[in-house]
Amino acid sequence: MAVFYQALNKLVNEGLAELQSSVAAGKTPNNPVSETHFMSAWITKVIKQQRYDHCVAKTLLGWQQMARSMGKQAQLKLKFEHLAWALSGVLTEEGTTSPVKAEQLDALYSALQQLDWVVATEYEVNRKVTHHTDGQASLVVCAKQLKEAFDEAGKLAKPLSVYVRGNIQQCIDLAYQQGLLLYKVTDYKSLVKYHGEYILYPDNAGDYLPELPTRAVE
């Protein structure tokens, strides 16, 4: 079975390539409405053909539903481009990811602290806890889970929850700059009061869509 992020990377790049070919051949007019119509029809076609691994089936069905309910507002081409760009930043040329290392997480802590975030990693998160930060943005990581998540070589071996309060997009962007993808569990209610829960997976290999960093202006 294909790993989710590899199947997703293949899917978005092939979808964009087929759209580009259709536009180049004059079959699809080069405008947002026509491009969205093409992407919507393409998604329905690949679902029927079962062209991609089962691990991305739920994602495809979600996009199909979005296209049907939102029409051109679904902005599927932009979504695909954004995903392709984000994945290219963490995947090797072979389409695999590198191990997630402790120093990447340490670098994220430093980047957040430079922007006046509170980073708390010294306490256990084993019940509903309130983290008092006087309204300051904060990142909380359970000390016990953190210790158990990394192997002796400093490589992430188990999923690790991080609890975020504040400008989540800023946190996502800073994590991405360190080669880390965050996967949302909840954006508000979690074991840590007022914090959302996000997960870091070994090799960045979650099995659903990660939170996307702000796309760099090209």
Side-chain angles (χ1 to χ4, degrees), residues 1-10 55 83-129 131-133 136-187 190-216:
M1 189 173 117
V3 178
F4 177 80
Y5 63 81
Q6 291 173 316
L8 182 67
N9 191 48
K10 184 172 188 281
C55 65
L83 263 171
W85 169 80
L87 288 168
S88 72
V90 292
L91 294 177
T92 65
E93 287 182 13
E94 292 76 38
T96 59
T97 58
S98 304
V100 169
K101 297 185 177 167
E103 51 259 37
Q104 290 169 270
L105 192 53
D106 290 339
L108 172 60
Y109 297 161
S110 297
L112 288 169
Q113 286 168 330
Q114 283 173 16
L115 293 172
D116 289 329
W117 282 59
V118 173
V119 176
T121 62
E122 62 271 35
Y123 307 108
E124 277 195 34
V125 177
N126 50 18
R127 57 188 172 78
K128 195 85 171 176
V129 295
H131 188 67
H132 297 289
T133 57
Q136 250 181 300
S138 55
L139 180 84
V140 178
V141 186
C142 172
K144 183 172 184 284
Q145 196 191 8
L146 181 63
K147 189 178 178 183
E148 294 171 351
F150 287 91
D151 65 17
E152 288 177 7
K155 193 170 80 174
L156 188 65
K158 296 178 181 177
L160 176 66
S161 292
V162 297
Y163 301 91
V164 184
R165 179 187 189 182
N167 184 343
I168 181 58
Q169 191 61 52
Q170 186 177 61
C171 185
I172 291 162
D173 290 350
L174 289 171
Y176 185 75
Q177 286 169 23
Q178 308 308 328
L180 302 171
L181 291 177
L182 295 179
Y183 290 79
K184 182 164 78 173
V185 177
T186 165
D187 55 11
S190 70
L191 279 174
V192 183
K193 200 171 182 182
Y194 304 127
H195 289 62
E197 181 182 2
Y198 295 79
I199 295 181
L200 286 167
Y201 282 99
D203 304 329
N204 282 315
D207 59 0
Y208 57 100
L209 290 177
E211 296 301 290
L212 293 181
T214 305
R215 192 175 173 195

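Atom set for the values below is all heavy atoms of this structure, side chains included, hydrogens, waters and symmetry mates excluded. Note that the structure is predicted; figures quoted are calculated from it, not measured.
Shown here for Thr121 and Ala143, the closest heavy-atom pair between the two residues is O-CB, 3.3 Å. Of all heavy-atom pairs between Cys55 and Ala7, the closest is SG-CB, 3.8 Å. Nearest heavy atoms, Ser190 versus Thr186: CB-CG2, 4.0 Å. Contact record, Cys142 with Glu124: SG-CA, 3.8 Å, taken as the closest heavy-atom pair. For the residue pair Pro213 and Ala86, the shortest heavy atom distance occurs at CD-CB, 4.0 Å. Heavy-atom minimum distance, Glu148 versus Lys158: O-CD, 3.7 Å.
For the residue pair Gln169 and Asp173, a side-chain donor N or O sits within less than 3.5 Å of a side-chain acceptor on the partner.
Between the Asp151 side chain and the Ala157 main chain, no donor and acceptor come within less than 3.5 Å of each other. At distances below 3.5 Å, at least one donor-acceptor pair connects side-chain atoms of Gln104 with backbone N or O atoms of Lys101. The main-chain N or O of Ala137 is never found under 3.5 Å from a side-chain atom of Asn167 such that the two would form a donor-acceptor pair.
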Derivation and outcome, side chain to side chain contact (heavy atoms under 4.5 Å, CB included), residues Trp85 and Leu212:
CA-CA 10 Å; Trp85 169 80; Leu212 293 181; over 6 Å; no
Between Asp187 and Tyr198, does a side chain to side chain contact (heavy atoms under 4.5 Å, CB included) hold up when you go through it step by step?
CA-CA 8 Å; Asp187 55 11; Tyr198 295 79; 3.5 Å; yes
Given side chain to side chain contact (heavy atoms under 4.5 Å, CB included), test Gln136 with Asp116 step by step and report yes or no.
CA-CA 8 Å; Gln136 250 181 300; Asp116 289 329; 4.2 Å; yes
Let me see the working for Val141 and Tyr163 under side chain to side chain contact (heavy atoms under 4.5 Å, CB included), right down to the final yes or no.
CA-CA 6 Å; Val141 186; Tyr163 301 91; over 6 Å; no
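For the atom pair CZ (Arg215) and CG (Leu83), the distance works out to 10.5 Å, reported to the nearest 0.5 Å. Taken to the nearest 0.5 Å, the CG atom of Leu112 stands 7.0 Å off from the CD atom of Gln170. The distance from the OH atom of Tyr5 to the CG atom of Leu209 is 15.0 Å, given to the nearest 0.5 Å. Once rounded to the nearest 0.5 Å, the distance linking CD1 of Ile168 with NZ of Lys184 reads 8.5 Å. Here the CG-NZ distance, from Leu87 to Lys10, works out to 14.5 Å after rounding to the nearest 0.5 Å.
None of Val119, Leu182, Leu146 except one satisfies the side-chain contact (heavy atoms from CB on, under 4.5 Å) rule with Val162; the exception is Leu182.
In this pair, Tyr183 and Tyr208 present their aromatic rings perpendicular. The plane angle is above 60°, beyond the 30 to 60° band.
Annotation: side chain of Ile172 is not in contact with side chain of Val164 (no heavy-atom distance under 4.5 Å). Inter-residue side-chain proximity for Tyr201 and Leu156 is flagged as unmet; no heavy-atom pair is nearer than 4.5 Å. At a threshold of 4.5 Å between non-hydrogen side-chain atoms, the residues Leu160 and Leu105 count as touching. Proximity of Val100 to Leu200: side-chain heavy atoms (C-beta onward) are nowhere separated by under 4.5 Å.
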